[in-house]
Amino acid sequence: MNERDSEALAALLALSGYEVVEDEAAADVILLNTCAVREAAEVKAIGKARHLLEHREETPQLKVGILGCMAQNRGRGLLKNLPGLDLIVGTQQIHHIPEMLDQLFAQRDTGKALVELSSEEGSQNAISRHTPGKKPCAFVSIMQGCNMRCAYCIVPKTRGRERCRPLADIVAECRALAASGTREVTLLGQIVTSYGRREMPVVGGKSPFVQLLEAVAAIAGIERIRFTSPHPRGFRRDLAEAFRDIPKLMPAVHLPVQSGSDRILKAMNRPYTAEKYLEIVAMLRDAVPDICISTDAIVGFPGETEEDFRATAELFEAVRFDMAYVFKYSPRPGSPLDAAADDVPEAVKETRCNALLDIMGRHSLARNQSYVGKVEKVLVEGPARRGEGRLMGHNPGARKVVFSGGADLVGKIVPVRIDSATVTTLEGSLQLPLPS
Ligand code: 5AD
Ligand code: SF4
């Protein structure tokens, strides 16, 4: 989501005459778009900003700003840690940054930071511009904010109440992307399964979100659709069946579970049980038997016992996730659980985190190995990070595939025979001749 917000801001800044430079040392403006979901992300952002501010003598004209969730949550308080900061901009004001920069550059250096944290009606519609040029895969923000109150989570505070973009605007954005060469869109929202529930009726048993998926699937040129993240509470049969009925909707779903213990789910204020989660998984596999399923889980939530943890480990064994992000609970000032004791020792969190990653790694590797010898359709995204002449893309199941090929293949969907697999990556060889 931050990546998308940053890109939309870069596109907006380009309209005001700014350009992105490759080298930080050449920049007149450095904006850090921050995350506040865990403490580690904040520590990293503050460290980076401090480093920039401390080395400012070399580039005295440099303006440094902090945007996004940490800016929203800490506001002016950031100036205590980071004196000299020029801009602090909250999540609903990012599109005003071009004007704010004009103001900063126009004023003689007063040393005063510009701080803008207010909420703004319609700000969800401001995240719609893309940088020009062809990109095979694009993110499209369909809504902002979240109305849930998961006990550990800072997001409802930093991103505000749920606000959706009109379906027609999202479709227009996807259509423009398709015209400029995008083949895959990933629809983004805190809880995409809530999309349009207040604004749009259910039609023919299909929720507004499924209607949106169908509308995007009807766009010529868009070949693949993904989304993140759905919430178990709003995950109904119509969405499971969409994976079966909409060929462009790729067979991979990221469905955060957070915990396999009903007691902890309740304490987290997550309105479902492990059994309900398993029912959704069964419904998905009923619709698309080999669908890839990934998740988020938190270990060491306050009060999590060995027994609670075992329930999460059992759920991991039962579901056989293809991928999982496992997080150690990180207390968030400003979240509903603000003042609660963070009572699971770090070493226990570490052990539990590794135990879940081990289970996931086993399942993920087994799934990846099952691709060996098969031909997968890969949307080529660009050069691989390592290796001359190597390309990178993803298969329908969202596994990363690396293989050798020419740069002219970028943006195409090509057949790749899978030769070997690790937990995270498939290696293969291009199948020639390419289908016309
Ligand atoms: N501590 C640890 N993990 C967290 N997440 C959200 N808040 C916290 C927190 N306070 C995780 C959840 C969520 C993912 C984006 O980050 O698993 O799904
Ligand atoms: Fe945070 Fe829960 Fe909302 Fe997700 S659903 S953004 S975890 S409050």
Side-chain angles (χ1 to χ4, degrees), residues 1-5 34-44 68-70 72-74 91 124 139 141-164 186 188-195 197 209 227-235 253-261 264-272 276-277 280 293-304 308-309 312 315-316 319 321 323-344 346 348-350 352-353 356-357 360:
M1 198 156 279
N2 273 6
E3 204 176 310
R4 174 68 196 114
D5 293 354
T34 59
C35 175
V37 154
R38 285 171 294 277
E39 192 187 5
E42 295 202 352
V43 169
K44 198 167 147 191
C69 285
M70 185 176 75
Q72 189 74 48
N73 197 30
R74 296 195 179 204
T91 53
Q124 72 275 20
F139 290 126
S141 172
I142 65 166
M143 60 208 288
Q144 288 282 328
C146 177
N147 287 356
M148 303 295 283
R149 279 182 57 82
C150 298
Y152 51 80
C153 188
I154 193 68
V155 170
K157 181 172 176 221
T158 59
R159 292 240 175 208
R161 302 286 294 170
E162 187 180 286
R163 289 109 52 215
C164 298
T186 299
L188 298 178
Q190 253 77 41
I191 308 187
V192 293
T193 35
S194 304
Y195 175 78
R197 281 201 198 275
F209 183 58
F227 59 80
T228 198
S229 294
H231 192 292
R233 189 185 65 153
F235 209 115
V253 60
H254 183 71
L255 185 58
V257 68
Q258 312 300 1
S259 171
S261 154
I264 293 295
L265 284 170
K266 195 152 187 229
M268 286 176 163
N269 204 15
R270 300 278 296 179
Y272 55 89
K276 170 82 201 302
Y277 188 91
I280 298 170
I293 302 178
S294 57
T295 202
D296 290 345
I298 297 176
V299 292
F301 183 82
E304 185 186 71
D308 293 317
F309 171 69
T312 306
L315 183 129
F316 266 55
V319 176
F321 289 111
M323 228 286 296
Y325 297 103
V326 182
F327 304 108
K328 292 180 269 186
Y329 172 71
S330 169
R332 302 286 62 221
S335 71
L337 218 64
D338 195 342
D342 176 20
D343 60 4
V344 177
E346 183 59 27
V348 175
K349 286 182 186 168
E350 187 75 32
R352 291 178 184 171
C353 181
L356 290 186
L357 289 176
M360 185 273 292

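Atoms within each ligand, like the ligands themselves, are counted from 1 in listed order.
Scanning the protein for heavy atoms near atom 15 (C) of ligand 1, the closest one is Asp296 OD2, 3.8 Å. What sits closest to atom 11 (C) of ligand 1 on the protein, heavy atoms only, is Arg38 NH1, 3.3 Å. Looking at atom 7 (N) of ligand 1, its nearest protein heavy atom turns out to be Tyr152 CD1, 3.2 Å. The protein heavy-atom contact nearest to atom 3 (N) of ligand 1 is Phe327 CB, 3.5 Å.
In summary, the atoms of ligand 1 found under 4.0 Å from a heavy atom of Tyr329, numbered by their order in the structure, are 1 (N), 2 (C). The atoms of ligand 1 that sit less than 4.0 Å from any heavy atom of Gln258 are 12 (C), 13 (C), 17 (O), 18 (O). Residue Lys328 has at least one heavy-atom neighbour below 4.0 Å for each of these atoms of ligand 1: 1 (N), 2 (C).
Between the CE atom of Met148 and the CZ atom of Arg270 there is a distance of 6.5 Å, given to the nearest 0.5 Å. Note: Asp342 CG to Glu39 CD = 9.5 Å, rounded to the nearest 0.5 Å.
When the shell of 6.0 Å around CD of Glu346 is examined, it contains more than 12 heavy atoms from other residues, nucleotides or ligands. More than 12 non-hydrogen atoms from other residues, nucleotides or ligands lie less than 6.0 angstrom from NZ of Lys276.
A donor-acceptor distance shorter than 3.5 angstrom exists from the side chain of Arg4 to the backbone of Phe139, with no hydrogens or angles considered. Between the side chain of Asn147 and the main chain of Arg161, no donor-acceptor pair closer than 3.5 Å is present. The closest donor-acceptor contact from the side chain of Thr295 to the backbone of Leu255 lies under 3.5 Å.
Using a 4.0 Å cut-off between a side-chain N of Lys or Arg and a carboxylate O of Asp or Glu, Glu304 and Lys349 do not qualify as a salt bridge. A salt bridge between Arg159 and Asp5 is present, with a side-chain N of the basic residue lying under 4.0 Å from a carboxylate O of the acidic one.
Residue Ser330 has at least one nitrogen or oxygen atom sitting less than 3.5 Å from a nitrogen or oxygen atom of ligand 1, judged on distance alone.
The protein residues lying under 4.0 angstrom from ligand 2, judged by non-hydrogen atoms, are Cys146, Met148, Cys150, Tyr152, Cys153, Val155, Pro156, Gln190, Ile191, His231, Arg270.
Aromatic ring pairs are classed by plane angle as parallel below 30°, tilted from 30° to 60° and perpendicular above 60°; the pair Tyr272 and His231 is perpendicular.
Proximity annotation for atom 9 (C) of ligand 1: of Thr228, Val37, Val257, Val37 comes nearest, heavy atoms only.
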